[in-house]
Amino acid sequence: MPTPLPIPIDFRLPDGWVPARPETGETEEVAFAAVHPQPDVGFAANITIAGEMLPEATTLADIADESVEHLREVVERVTVGRRREVGAADAPALTQRLAFSATVNGTHRDLVQTQAYMSLQDIENPAKRVMLRLALTATAAQHDDVLGEFQDFIRTIHSDTKARP
């Protein structure tokens, strides 16, 4: 069962991407997943969304470091590529690119994951912040081909104030 996000959001998937059930093991953390319609050598590029309340003293860099350590526990070598802090002071964000090897459905794959962390103010309680973790995972060969679609997807995300009771 997917984990609900701490705040409702609205977004638009890139053309052709379809909602998917999160992989076993991810379902405890992932609120939403989608897959690309054209797999690369049997691996479908995917986008996942997760989120949680951001503890007061925790930074997006702290959360990104935790994600890297978590990934290192379950896959072969992880290399942290570019990491950038972006966004405004009232809506900070961080992106990082990870390269790693993993065995997926019995096949060894070189994968690349671009992660984007967004900090949003809780509309009901502005003293609280929500962290959204968005991830694009694709084969090393396909990643750069779908990265623009992921970036376009990120630009569509916003709080869904209509979904609040």
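Residue indices begin at 1 and follow the sequence shown. Heavy-atom basis, side chains included; hydrogens, waters and symmetry copies ignored.
Rounded to the nearest 0.5 Å, atoms OG1 (Thr137) and CZ (Phe100) are 5.5 Å apart. Taken from CD in Glu29 to CZ in Arg133, the straight-line distance is 5.5 Å, to the nearest 0.5 Å. Taken to the nearest 0.5 Å, the NE2 atom of His143 stands 13.5 Å off from the CG atom of Asp110. To the nearest 0.5 angstrom, Ile47 atom CD1 is 9.0 Å from Leu134 atom CG. Here CZ of Arg82 is found 8.0 Å from OG1 of Thr95. Values are rounded to the nearest 0.5 Å. Atom CG of Leu98 and atom OG1 of Thr114 lie 8.0 Å apart (nearest 0.5 Å).
A donor-acceptor pair shorter than 3.5 Å can be found between the side chains of Arg77 and Ser101.
When each of Pro92, Pro55, Pro6 is tested with Arg129 by the rule side chain to side chain contact (heavy atoms under 4.5 Å, CB included), just one qualifies, namely Pro92.
Atom CZ of Arg12 has 12 or fewer heavy atoms from other residues, nucleotides or ligands within 6.0 Å.
Trp17 and Leu147 fall within a single hydrophobic cluster, where Ile, Leu, Val, Met, Phe, Trp and Tyr are joined by side-chain heavy atoms under 4.5 Å apart, directly or via other members. With hydrophobic clusters built from ILVMFWY side chains whose heavy atoms lie under 4.5 angstrom apart, Leu136 shares a cluster with Met118. Both Leu71 and Val104 are part of a single hydrophobic cluster, where members link through side-chain heavy atoms under 4.5 Å apart. Under the 4.5 Å side-chain contact rule for hydrophobic residues, Val80 and Val74 share a cluster. Put simply, Val146 and Val35 are part of two different groups of oily side chains (I, L, V, M, F, W, Y) that touch within less than 4.5 Å, one to the next.
A distance-only check finds no donor-acceptor pair linking the side chain of Gln115 to the backbone of Val68 [under 3.5 Å].
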Any chance you could lay out the side-chain contact (heavy atoms from CB on, under 4.5 Å) test for Tyr117 and Gln96, step after step, and finish with the verdict?
CA-CA 9 Å; Tyr117 296 87; Gln96 68 180 3; 4.0 Å; yes

Between Leu111 and Thr139, does the side-chain contact (heavy atoms from CB on, under 4.5 Å) criterion hold? Intermediate values first, please.
CA-CA 4 Å; Leu111 301 173; Thr139 62; 4.2 Å; yes

Step by step, work out the side-chain contact (heavy atoms from CB on, under 4.5 Å) result for Met53 and Val130.
CA-CA 4 Å; Met53 295 305 292; Val130 173; 3.6 Å; yes

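Between Asp40 and Arg109 no salt bridge is recorded (no basic side-chain N to carboxylate O distance below 4.0 Å).
Listed here is the closest heavy atom pair of Ala138 and Ala45: CB-CB, 3.8 Å. Between Ile9 and Leu132 the shortest heavy-atom distance is CG2-CD1, 4.0 Å. When all heavy atoms of Glu69 and Arg72 are compared, the pair lying nearest together is OE2-NH1, 3.0 Å. Nearest heavy-atom pair across Val112 and Ala140 is CG2-CA, 3.8 Å. Pairing each heavy atom of Gly51 with each of Leu5, the nearest pair is N-CD2, 3.4 Å. For His158 against Thr156, the heavy-atom pair with the smallest separation is ND1-O, 3.2 Å.
Residues forming a ring-ring contact (aromatic ring centres under 6.0 Å, His included) with Phe153 (at least two apart in sequence, or on another chain): Phe11. Residues passing the side-chain contact (heavy atoms from CB on, under 4.5 Å) test with Thr59 are Ala61, Asp62, sequence neighbours excluded.
Residues Met131 and Thr58 form no side-chain contact, since every pair of their non-hydrogen atoms from C-beta on lies 4.5 Å or further apart.
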